[in-house]
Structure formats: structure tokens, C-alpha cells
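Everything below concerns the one structure shown next.
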Number of protein chains: 2
Amino acid sequence: MARRASKELRPRQKAMLEFIRKFIDENDYPPTIREIGAAVGISSTSVVNYNLDQLERKGFIIRNREVSRGLRLADTQFGRRVRTVPFYGEIAAGEPLPVPDDPQLVDEAVAVPADMLPSTGDFFALKVKGQSMIDALVDDGDVILVRSQPQVETKEMAVVEIIDESNESGATLKYFYNLGDKVELRPANPDPAYQPIIVPAEKVRVRGKVIGVIRRYQ
Amino acid sequence: MARRASKELRPRQKAMLEFIRKFIDENDYPPTIREIGAAVGISSTSVVNYNLDQLERKGFIIRNREVSRGLRLADTQFGRRVRTVPFYGEIAAGEPLPVPDDPQLVDEAVAVPADMLPSTGDFFALKVKGQSMIDALVDDGDVILVRSQPQVETKEMAVVEIIDESNESGATLKYFYNLGDKVELRPANPDPAYQPIIVPAEKVRVRGKVIGVIRRYQ
DNA sequence: CTTGACAACGAACATTCGTTTGAGTATACT
DNA sequence: AGTATACTCAAACGAATGTTCGTTGTCAAG
């Protein structure tokens, strides 16, 4: 008998899957049997139908039969899932800058690959201004993903709020060092223009820990 | 005349939009005209069609006419927009390493925020191995987004294939410098262990230009 | 009152699209 | 050889689905 490993895909099936994914990506709805056939060079609809069955049997897609375009990707394989996190705006890594203290009413959001986020927790995104963290491979213009948490470990990169004398508070992006009753907020830039800040522990409020970076060129 | 503010929705249109959103959420494909009609209590398909036109004119949906279920939400609000790019595996920034030369048959893919990609072009993703580009703020383990293109400008970060003497080819991530009949592939790491490679222009094949970086901590 | 834009209806129509059928080829196993 | 499995093809059928058209009703402006 011509047995085949149950989860392996024939080149044709692979091409079909690739096309389906691309098609949905572009159109937001799945292709028809004939569209798939035309794309991968299959003249007979029954052949497409046959291979679609194979793809379903092997767990790559889920079919909704007798319905046009009744077909979806079985997202177990590929983390196609995306989550949106609220975008709070810019954070000046060099100089403190206010961050919206508001709870949830943020209208901007960025989509991030779901596998960039732990399954639990609250997250937000900020665009980095300045180059104080350049040695940490975080550049001006980068978008950082932050997990909301009230404290972080020493050496972790964190978004912290500094309670200013004048009651104003600003947020900054730094390496966090616990010095007991004080904390040191250390930039990652050899330029002497960037100096560590040491402040009493009660004067800082940790907003979260940086868990990811997204950068676009140009 | 019974003029109506152009962006306002009739109750019926609101119901339709609501249903469409819910339907897509549950099925991953859009409803048909008749399904919409049944859901909101419209007996005539032409009425659904008419209101669908209205919804499109008001900018809530985008129709792809003459195609079954050819309908998508124009959701500017929820940036559900994500695109998937094929994941080719790892690229050793330090040492050359083969990259799948195959055209399209890749089964792994990563989801990226749509706004990280230009609207046109072919893209792929690689995971960076090694630290040869550390000064370019690209670390070991980072995922780079690459736009497929046959040539790049000098100083751009590129994925290039080097045709080895022994007919083997490998891919590497470097800064690209055009020297006329030769090209220089320069790492971004001060460590003398990382040295520029200068090879005849005909020995290299540019695969694409790095357009983005995604990094996860921990 | 008449007119014209807006909204809705139902029926007929034309495609699109999934399904079924019957057949053909290749390979492996007995 | 004979048979079973996997894969492919072309053609035709019928259901699903978008489109068109003639008609009706409402409402506000002229």
C-alpha cells in the first residue's frame, strides 16, 4: 500500500494552504474551490475538493461544507492570532514625560503578534523618544511593549513614574536597580549626557516591565 | 427633500452591521446577502443589497461585488489588521547558513501588525542567530522582517546569499556596500571576530532588505 | 398637487460555487 | 497478475447567491 505519514502535506496541498492563507490575508474572506484551483493550477474542482478534505483530515483547515467559501484556517498551527494593546503615546527615554494616567479610555491601539504577549496580564505600548537606551538595543522611534506590574527586579528594563517635587509626575524608560530605600534609574547610553537618576523609593512608581520591542525601518 | 446626514446609520443598517460583525467573528467568513436578510428580518435580497450599498457609501464596509460573501468590514477602529509573512527559519548573522531557496512552500508563518509592512511587496521573516549586527540594534534571537528585492542601496541592512566556491550557497545578514565590481558585506560589531566580507558582485545574490525588527524579552 | 429622492418589496434572472459521477493513472503490496 | 490505495481529471447537476427590474409608499421641497 502507498501509505503516507498522516500529517505530511503534499506539495500541492502545501501550495493550496499557502494560497488560502494569502488570500484570506488580502481579502478577509476565504477563496472558493475554483479560485484555489486556478491559483495552484488544478483544473478540476473535484481535485481541489479532495485535497481540501485531506487538509481538513490532517487538521490544517476546518470546512463548512455546502457553504460557499465555507472554510477557515485551523489556527492551532500558526499563531495567526493577534492581540491589540492600547497605545499610550510617546515616552521620552531621555527626559521624563507624562503618560496618560487614565484607566482604559485610549483610542489608539497597536496590533501585536499574540505570541509576543504572555497569556495573562495587562499590557500597553509606547513609542520611545530619545536614545537613552541605545545600548539596550532600543532606539528612538521603537515601539516597546510593556507589561503592567507594580514592581520589577533589579536590572530589568522598566517604565517608571517619578513623582516630582511639584506634584507633577512623568514617565521614563530605564534600567531599574533596587538600592534599598532608594532606586537607581540607569540609562543605557555611554554618552555622559545620559546620567543615572537616584531617587527615594517612595518617589517612584513602577508602571511596568518592557517585554518586547517592535522596530520599523524607514 | 429628505436629506440625511451622510454618515448616519438607519436602525436597519445598524442591525445589519452588527450582525455582519458578529457573523464574521463566529465564522471567520462574511455572511451572504440572504443570511443578512434573514437575520435582520428583510425578505427581499434587493433591500439588503441596497442597504449594503449604503453601508459602503458611508464607509463602514467594503464590497467586492459579484462575489459570494464578498464583503469586509472597513474597521478603522479595531486594528484587527494583521498580515502573515512566511517564516524561513534562522539566519546566522555571524556565519553563513542556508536559507530555503524554495519559492513559497513554507508552512510556518508569523503574524505581524499590518502597519509594519508596506502595502506592496513580498516579505519574509527570519530569526537572527549570532550578534554580528549588535551595533545595528539587532540582537541574537530577534526576528527580522525582510522585503524581497533583488538589490539594495549601499549602507542598507540586507539578507544576501553568497555563492560559495563549492556551489553551496548560504545566507547572511549584513550591511551592504556597493564597491563597483565587488560588494562588501559588513557586520555591525566592533569585536574583531566579526570581519567584513568582500566578494565579487557576481558571487552574491541579494535576497531582500530588512524593514523591521521584532524582539521578545525572556 | 406634483415632483423627485429615499426606502422597500417581490419576482425573475444569471452566475457562482459546492457536489457528484465515472473514469484514468501510478504505486505498492499480496 | 491482481487488487487496493492515493491522486487526478472532465463534465454535468443543482443549490446557493448576487443582480436587475417593475412597482409601491413616504416625505419634503417647489
Side-chain angles (χ1 to χ4, degrees), chain A residues 1-20 23-24 27-73, chain B residues 1-20 23-24 26-73 105:
Chain A
M1 292 183 221
R3 279 249 153 270
R4 197 176 306 279
S6 78
K7 289 289 179 168
E8 266 178 42
L9 290 186
R10 311 296 312 285
R12 194 169 246 189
Q13 289 161 9
K14 236 172 178 176
M16 284 172 57
L17 199 55
E18 188 67 27
F19 170 73
I20 293 170
F23 189 98
I24 293 179
N27 298 285
D28 280 359
Y29 51 77
T32 65
I33 284 185
R34 282 176 178 81
E35 283 166 341
I36 297 172
V40 300
I42 298 178
S43 61
S44 175
T45 56
S46 63
V47 177
V48 179
N49 187 57
Y50 169 82
N51 285 289
L52 242 25
D53 280 344
Q54 297 300 305
L55 284 174
E56 184 176 34
R57 197 174 57 76
K58 294 174 185 175
F60 288 88
I61 64 172
I62 297 170
R63 296 192 71 182
N64 202 336
R65 290 163 164 297
E66 318 202 358
V67 165
S68 69
R69 305 177 190 275
L71 155 63
R72 74 175 77 178
L73 294 171
Chain B
M1 291 183 218
R3 280 255 151 265
R4 196 178 307 279
S6 78
K7 290 288 180 170
E8 267 177 42
L9 289 186
R10 315 294 311 285
R12 194 170 249 188
Q13 289 161 9
K14 229 170 184 172
M16 284 172 57
L17 199 55
E18 189 67 27
F19 169 73
I20 293 170
F23 189 98
I24 293 179
E26 287 171 1
N27 299 285
D28 279 357
Y29 52 75
T32 64
I33 284 185
R34 283 175 178 80
E35 284 166 342
I36 297 172
V40 300
I42 298 178
S43 62
S44 173
T45 58
S46 64
V47 177
V48 179
N49 187 56
Y50 170 82
N51 285 290
L52 243 24
D53 279 344
Q54 297 301 306
L55 284 174
E56 183 176 36
R57 198 173 57 76
K58 295 175 184 174
F60 288 88
I61 64 173
I62 297 171
R63 296 193 70 182
N64 201 337
R65 293 165 161 293
E66 320 201 357
V67 164
S68 69
R69 306 177 189 273
L71 154 63
R72 75 174 75 176
L73 294 172
L105 312 179

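Numbers restart at 1 for each chain; the letters A, B, ... are given by sequence-line order, proteins then strands.
Look at CG on B:D53: it is 11 Å from C1' on D:dG18, rounded to the nearest Å. Note: CZ (B:R69) to P (C:dG18) measures 9 Å, nearest angstrom. The distance from atom CD1 of A:I42 to atom C1' of C:dG18 is 15 Å, rounded to the nearest whole Å. For the pair B:N49 CG and D:dT20 P, the interatomic distance rounds to 8 Å; values are reported in whole Å. For the pair B:F23 CZ and D:dT17 C1', the computed distance is 13 Å after rounding to whole Å. Following rounding to the nearest Å, B:Y29 (OH) and D:dA16 (P) show an atom-to-atom distance of 13 Å. Between A:L52 atom CG and C:dT20 atom C1' there is a gap of 16 Å when expressed in whole angstrom units. If you take CD of A:E35 and P of C:dC17, they are 6 Å apart, rounded to a whole angstrom.
Residue order along DNA chain C, read from the 5' end via each residue's closest nucleotide, puts B:G41 first among B:G41 and A:S68. When each of A:R34 and A:N51 is assigned the nucleotide of DNA chain D bearing its nearest heavy atom, the one mapping closer to the 5' terminus is A:N51. A residue-by-residue look at A:S44 and A:T32 shows that A:T32 has its nearest nucleotide of DNA chain C further toward the 5' end.
The shortest distance between the side-chain N/O atoms of A:R12 and the OP1/OP2 oxygens of D:dC9 is below 4.0 Å. Residue A:R63 has a polar side-chain atom (N or O) positioned under 4.0 Å from OP1 or OP2 of C:dT19.
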List the steps, then state whether side-chain contact (heavy atoms from CB on, under 4.5 Å) holds for B:V47 with B:R12. CA-CA 10 Å; B:V47 177; B:R12 194 170 249 188; 3.6 Å; yes
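Under the 3.5 Å distance criterion, the side-chain polar atoms of B:N49 are left unmatched by any main-chain donor or acceptor of B:T45. Using a distance-only test at 3.5 Å, with no hydrogens or angles considered, no donor-acceptor pair links the side chain of B:E56 to the main chain of B:I61.
With hydrogens and angles left out, the side-chain atoms of B:D28 and A:Y29 include no donor and acceptor closer than 3.5 Å.
Residue-to-nucleotide contacts include no donor-acceptor pair under 3.5 Å from the side chain of B:R65 to the base of D:dG18. Between the side chain of B:T45 and the base of D:dT19, a donor-acceptor pair under 3.5 Å is found.
Set against C:dC17, C:dA8, D:dT19, the side chain of B:Y50 has C:dA8 as its closest nucleotide.
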Protein and nucleotides 21-24 of chain D: nitrogen or oxygen contacts under 3.5 angstrom:
none

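For residues 30-47 of chain B, the pairs satisfying salt bridge (Lys or Arg N to Asp or Glu O under 4.0 Å) are B:E35-B:R69, with sequence neighbours left out.
Closest approach of A:M16 and A:I42 over heavy atoms only: SD-CD1, 4.3 Å. Here the closest non-hydrogen pair linking A:P31 and A:I36 is CG-CG1, 3.7 Å.
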